[in-house]
Amino acid sequence: MDFMTALDIGASALSADRLSINVIAMNLANAKTTRTPEGGHYRRRTVIRAATDVDAPFSKHMQSALDRELKGVRILNVLPDARPPKRVYEPGHPDADEEGMVSYPDINVVEEMTNLMTAQRNYEANTATIETVKNMYMQALNIGRSS
């Protein structure tokens, strides 16, 4: 694996982690939202990721056996969660139905914070990886200059 491939893999992961962090923050911010422009309560969103090839199809033929299984990350979609809403009895709420029940999004704050911490740690690990690759590249340039 060359330096650029390592940077491409790290960059794809950073991009996916950044989107995950944004979606999780949006879920947390809307944990009590009962009315959206689309109508109804806010629906929790989930990021769907998939492994993707890092290189163009032609370059696969030029790779060694060790490089052929390298994958990056790509976002397939950001989908609304299928969980039903939490129904809470609040007859004075402006969005209460005729029975006095209000539909809140089923967002578990502990689950979202755990997901946020995981995405944050992934982002930090990928940042460290890119920094290490950059340092290796700089060391290789220094070796080339001194010889």
Side-chain angles (χ1 to χ4, degrees), residues 1-140:
M1 173 171 43
D2 61 16
F3 291 119
M4 293 309 291
T5 302
L7 289 174
D8 287 343
I9 291 170
S12 71
L14 285 175
S15 178
D17 290 332
R18 185 186 65 224
L19 180 65
S20 293
I21 289 169
N22 288 339
V23 168
I24 293 165
M26 188 170 42
N27 288 340
L28 288 169
N30 288 293
K32 296 290 184 184
T33 301
T34 59
R35 189 181 311 169
T36 63
E38 298 84 31
H41 66 281
Y42 175 81
R43 297 193 56 99
R44 178 184 179 276
R45 287 164 175 65
T46 304
V47 175
I48 308 299
R49 299 173 179 220
T52 186
D53 293 329
V54 178
D55 296 316
F58 174 74
S59 64
K60 287 181 188 236
H61 300 291
M62 305 303 288
Q63 295 173 338
S64 68
L66 295 175
D67 292 337
R68 288 195 180 129
E69 296 302 318
L70 296 175
K71 300 284 185 186
V73 180
R74 73 181 165 114
I75 301 297
L76 289 179
N77 209 344
V78 178
L79 297 174
D81 200 46
R83 298 177 192 179
K86 289 188 285 188
R87 306 226 340 123
V88 178
Y89 181 70
E90 291 183 24
H93 195 284
D95 291 326
D97 60 14
E98 52 280 340
E99 298 171 357
M101 302 297 282
V102 178
S103 294
Y104 285 101
D106 189 15
I107 295 176
N108 182 339
V109 175
V110 174
E111 176 187 0
E112 295 296 327
M113 289 303 294
T114 303
N115 291 341
L116 181 62
M117 289 171 54
T118 302
Q120 185 178 10
R121 296 297 183 263
N122 286 343
Y123 193 91
E124 291 170 358
N126 286 304
T127 302
T129 301
I130 288 174
E131 189 65 30
T132 301
V133 169
K134 186 179 91 173
N135 289 338
M136 290 171 54
Y137 185 72
M138 294 304 292
Q139 289 299 322

Over all heavy atoms of both residues, which pair between [X] and [Y] is shortest? Give the atoms and the distance, please.
X	Y	value
Pro94	Arg35	CB-NH2, 4.0 Å
Asn126	Gly10	CB-O, 4.3 Å
His41	Thr36	C-CG2, 3.9 Å
Val73	Ala16	CG1-CB, 3.6 Å
Ala96	Pro91	CB-O, 4.1 Å

- Would you call Lys32-Glu90 a salt bridge at under 4.0 Å N-O? no
Got [X] and [Y] here, is their nearest side-chain heavy-atom distance under 4.5 Å?
X	Y	answer
Asp97	Arg87	yes
Asn115	Glu111	yes
Tyr42	Ile107	yes
Arg44	Asp106	no
Met113	Leu28	yes
Leu76	Arg74	yes

Closer than 3.5 angstrom, by distance alone: can the side chain of [X] be matched with the main-chain N or O of [Y] as a donor-acceptor pair?
X	Y	answer
Asp81	Thr46	no
Ser15	Ala11	no
Ser12	Ile9	yes

- Take Asp17 and Arg49, measure what salt bridge (Lys or Arg N to Asp or Glu O under 4.0 Å) needs, and give me the verdict at the end. CA-CA 10 Å; Asp17 290 332; Arg49 299 173 179 220; 2.9 Å; yes
To the nearest 0.5 Å, tell me how far [X] [atom1] sits from [Y] [atom2].
X	Y	atom1	atom2	answer
Tyr104	Asp95	OH	CG	8.0 Å
Thr127	Asn122	OG1	CG	10.5 Å
Met26	Ile21	CE	CD1	13.5 Å
Asn27	Asn22	CG	CG	11.0 Å
Met117	Gln120	CE	CD	8.0 Å

- Do Glu38 and Arg43 pass the salt bridge (Lys or Arg N to Asp or Glu O under 4.0 Å) test, and can you show the C-alpha distance, the side-chain angles, and the key distance before you say yes or no? CA-CA 10 Å; Glu38 298 84 31; Arg43 297 193 56 99; over 6 Å; no
- Look at atom NZ of Lys134 and say whether more than 12 heavy atoms of other residues, nucleotides or ligands are closer to it than 6.0 Å. no
